[in-house]
Novice: 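Got a structure for you, written out below as structure tokens; questions coming shortly.
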Amino acid sequence: MLERRGQVRPLQQRALNRWLLLLYPAALIIGFALRYWLWRDQARTGVILRGDPDEYYRGAVHLWLNGSYYDEGQWLRPPLTSLFFALVFWCFGPNLPLALLLQCLLSTATALVIGRTARRIWQSEHVGLVSTWCAALYLPFAVYAGQLLSETIFILMIALAFWLFERLRRQSMQNGWLLLAGGIVFGAAILARPVGLYATPLLGIWAYLELREWRAAVRATALLSLGCALIIAPWSVRNYFVYHQVVLVDTNGGVSFWFGTLNDPADKHMQDVWNTTLPNSALRQQAALRLGFENIRKDPWSYVSHMRNKTVALWQLDTRRFVSNAVTGVTTPESSLLFNVISDGEYICVMLLAILALVLTYPDERNRALLLWPLYGTLLSALTLGHQRLRLPLMVAPLIYAAFPLAHPGLVARRFRYLSRPRYMALAVSMLAFGLLIASTVYIPFIAAELRALGGGEAALRAAEGRDPNNFLFPLRLGNILASHGDSAAASTAYTRSAALNARNVEAQVALLQLARAQGDTRAMEQARLTLDAIGFDNNLTYHWAWQHTPYALGPGLSIGTPAAIGAIDGFSRIFTQDGTMWRYTTLPQAFIRLQPQGETNVLLRVRTSRHPVPLQLFVNGREAWSGIVSIWQTITVPSSTTGPNPVIIELRSPVAVASPVDPYPYGVAVEIMTPR
């Protein structure tokens, strides 16, 4: 049966009454509250993780202190993210938690931009409102808003570009200034993440598909390209003078392509070879590209087969990390299975609703630039590298189209009733394809084990572990129960088993460290700390989590410059050692130490700063106990009398500073606890 369009009127512009308009600021407030909650969990610790976050941070510090960019890293990163953080540091000092909180505001604003684009596409204020709410509550956007990565700024720029493109589409691309602005914003997105660079030719295809007249399409393409060039060219010229060769945006694309051609993960050691033999990242990128093409030439069919795996990796569920023992970290998004199940539930609903909406659209409701974006991103990941983080900017399109069925269910039902048979088939095939993309047999034993573990007791967890013995979660939970029952030996065995299945799971390593501390096993404590350091989590992200979830009070005579301090400190750096002295720096303006003195006693606190003198205030259980200026090592007597089992909390308030781009991390005062007196 053919679709009878005349029997279902297309959407007309529908205005909201003034009371419903209040739902826009409500969406933004709740969206920011969600991001603030996650920020408190993962972003206020002031930690710069290794890899991408560290390179973006170093780029920001170089811009802030020297006015130049960071070119000494393994790869040159695009500048927009570092520029944003450099501006925050210039205004407020090296306050990384504040910078990430401001990034949460940008992520919240993105929800409004997405909503306004949906309103224009569907000519419905109701769809715009629902799309705003969907984007505001979409958990992956909220999670990455509190991380030192380029995703949030890139998504905002892409959303702004598509908003401008939709305005252009509705005006038949006649406004030259708007075409230029669209190109500039798209170019800014490329300076956040260069994946958009390879999509620039698609703008010309989009212009022709919209206009169907080559002269007008050439004019529109020229203005869009000119806008992109105006924003990208200064950065490209700068790179040419630095590297003496053409580097349009970054030097990381080559290694991503090369990674996607590897058959043996051990070949990644070539990065270390390039770091020692090639003087700059542009030459390293060329080497990566040459080796990548050579790998394809040697085994082209292997590369083609890997394209499917990379596509699946791009669109797979976040819970796959739990099934495949790939969980790292202790924050809620990293360690909570329930959180990831909810996040995946949102993702699946958005994708299915977007597929339904696309099948039901009329021609004037199809923004081809927006619809080509996820297809382009999928193809690029298949050719280079695919993982879930790269999916985030592609979700702008599904969030816009998924709002239509939610906002107008009655109209959707009427349109569905008059669908043609080919469209019914297209809907069924699309949903089946998405289901096959995210489904995997590895979920079967995991779900079966989770069902057996529903009781939460020791017997239930042992049964679950027997059902899926290769998953780290069940021995980890079993270890927590055994530890709470006081069975340290059995708990240690369970944690060790969990760590063997997932060596990068921070919770298991902290648990092993604390059990070793209770047994006085200093060697085991140091081994656990070294493991945390090897996986990049011997930092305040772990200390803050241990402070909240595994509280511990330093006893008399213990120094915070040892692994034993984990669980009793918050706001500190990893251990520093010199001439037999161990200490930690404060890394936030407020740092805390939990003590358990015996009766009426004082604690001798040794502090110093390795830079200029800085002010320091000490508070004991919220009451000021000492204030002054700290420079060289000096001993401060802190009254810390206590009665009963309650610990004493010593709070240190001191500004943090960055010494130079060579030593870019913010530190306050160095602290070493001495024997109580």
Side-chain angles (χ1 to χ4, degrees), residues 10-16 21 24 28 106 109-132 134-135 153-190 192 196 199-213 215-231 354 357-358 361-374 376 393-404 407:
L11 273 173
Q12 303 295 324
Q13 179 65 39
R14 300 184 180 186
L16 293 174
L21 283 173
Y24 272 112
L28 299 181
L106 295 182
T110 302
L112 182 60
V113 177
I114 290 174
R116 302 317 287 170
T117 306
R119 172 191 171 277
R120 285 185 172 273
I121 288 176
W122 295 100
Q123 295 293 291
S124 167
E125 197 74 63
H126 291 80
V127 177
L129 178 60
V130 171
S131 183
T132 301
C134 289
I153 293 175
F154 181 55
I155 293 169
L156 174 59
M157 292 295 105
I158 284 293
L160 282 171
F162 285 133
W163 174 69
L164 289 171
F165 292 167
E166 177 59 21
R167 290 188 61 185
L168 284 166
R169 188 175 74 94
R170 293 289 175 178
Q171 298 174 14
S172 299
M173 297 191 178
Q174 297 302 308
N175 190 325
W177 289 108
L178 201 58
L179 282 165
L180 193 65
I184 289 173
V185 175
F186 195 77
I190 292 171
T200 306
L202 295 178
L203 298 181
I205 298 174
W206 168 61
Y208 179 77
L209 291 175
E210 293 293 342
L211 297 172
R212 300 292 180 175
E213 203 280 314
R215 294 179 187 272
V218 167
R219 171 185 173 272
T221 303
L223 287 171
L224 287 168
S225 301
L226 177 60
C228 285
L230 286 174
I231 196 73
L358 288 175
T361 54
Y362 293 151
D364 63 337
E365 296 162 342
R366 298 173 193 145
N367 183 317
R368 292 180 178 86
L370 193 61
L371 296 178
L372 285 172
W373 178 241
Y376 159 77
L394 307 183
M395 292 302 297
V396 171
L399 284 166
I400 288 173
Y401 278 88
F404 170 56

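Heavy atoms only: backbone and side chains are in, while hydrogens, waters and symmetry mates are out.
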Novice: Could you check if a side-chain atom of Phe165 sits within less than 4.5 angstrom of a side-chain atom of Thr117, using non-hydrogen atoms only?
Specialist: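 No, their side chains stay 4.5 Å or more apart.
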Novice: How close do Ala135 and Ile114 get, heavy atom to heavy atom, and via which atoms?
Specialist: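 Residues Ala135 and Ile114, closest heavy atoms: CB-CD1, 4.0 Å.
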Novice: Should Glu125 and Arg116 count as an ion pair when the cut-off is N to O under 4.0 Å?
Specialist: yes
Novice: To the nearest 0.5 Å, tell me how far Ser124 OG sits from Leu129 CG.
Specialist: 9.5 Å
Novice: Any side-chain to backbone donor/acceptor pair from Gln123 onto Arg120? Under 3.5 Å, distance only.
Specialist: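 Yes, the answer is positive, given that a donor and an acceptor are paired below the 3.5 Å cut-off.
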Novice: Quick one: list whatever passes side chain to side chain donor-acceptor pair (under 3.5 Å) with Trp163, sequence neighbours left out.
Specialist: none
Novice: Measuring from Met157:CE to Thr110:OG1, what's the distance to the nearest 0.5 Å?
Specialist: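 Going from the CE atom of Met157 to the OG1 atom of Thr110 covers 8.0 Å.
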Novice: To the nearest 0.5 Å, what is the distance between SG on Cys134 and CE on Met395?
Specialist: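 Nearest 0.5 Å value for the SG-CE distance: 10.0 Å.
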Novice: Contact between Phe186 and Leu224 at the side-chain level, heavy atoms closer than 4.5 Å - yes or no?
Specialist: no
Novice: Got Asn367 and Trp206 here, is their nearest side-chain heavy-atom distance under 4.5 Å?
Specialist: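 Heavy-atom side-chain distance check passes, below 4.5 Å.
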Novice: Show the numbers, then the answer: is there a side-chain contact (heavy atoms from CB on, under 4.5 Å) between Leu230 and Leu180?
Specialist: CA-CA 9 Å; Leu230 286 174; Leu180 193 65; 4.1 Å; yes
Novice: Find the distance between CG (Leu164) and CG (Leu178) and round it off to the nearest 0.5 Å.
Specialist: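 Spacing of CG (Leu164) from CG (Leu178) equals 5.5 Å.
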Novice: Would you mind listing every salt bridge (Lys or Arg N to Asp or Glu O under 4.0 Å) that reaches into residues 161-173, with sequence neighbours excluded?
Specialist: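 Residue pairs passing salt bridge (Lys or Arg N to Asp or Glu O under 4.0 Å), neighbours aside: Glu166-Arg169, Glu166-Arg170.
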Novice: Treating Ser131 as the side-chain partner and Leu399 as the backbone partner, does any N or O pair qualify as donor plus acceptor under 3.5 Å?
Specialist: yes
Novice: I need the minimum non-hydrogen distance between Ala189 and Ile158, along with the two atoms involved.
Specialist: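 Answer, listing the atom of Ala189 first, then Ile158: CB-CD1, 3.9 Å.
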Novice: Could you tell me how the ring of Phe162 sits relative to the ring of Trp373: parallel (under 30°), tilted (30 to 60°) or perpendicular (over 60°)?
Specialist: perpendicular
Novice: Locate the shortest heavy-atom distance separating Ile153 from Ala192; write the atom from each residue and the value.
Specialist: CG2-CB, 4.3 Å
Novice: Counting only pairs under 3.5 Å, give me each side-chain donor-acceptor contact of residues 216-223, with atom names and distances, residues two or more places apart or in other chains.
Specialist:
unit_1: Arg219; atom_1: NH1; unit_2: Met173; atom_2: O; d: 3.2
unit_1: Arg219; atom_1: NH2; unit_2: Gln174; atom_2: O; d: 3.2
unit_1: Thr221; atom_1: OG1; unit_2: Ala217; atom_2: O; d: 2.7

Novice: Tyr401 and Leu371: side-chain contact (heavy atoms from CB on, under 4.5 Å), yes or no, with the steps?
Specialist: CA-CA 10 Å; Tyr401 278 88; Leu371 296 178; 3.6 Å; yes
Novice: Which atoms form the tightest heavy-atom contact between Val113 and Leu160, and what is the distance?
Specialist: CG1-N, 3.7 Å
Novice: List the atom of Gly196, the atom of Ile190, and the distance in Å for their closest heavy-atom pair.
Specialist: C-CG1, 3.6 Å
Novice: Locate the shortest heavy-atom distance separating Gly187 from Cys228; write the atom from each residue and the value.
Specialist: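 Gly187 and Cys228 have their closest heavy atoms at N-SG, 3.9 Å.
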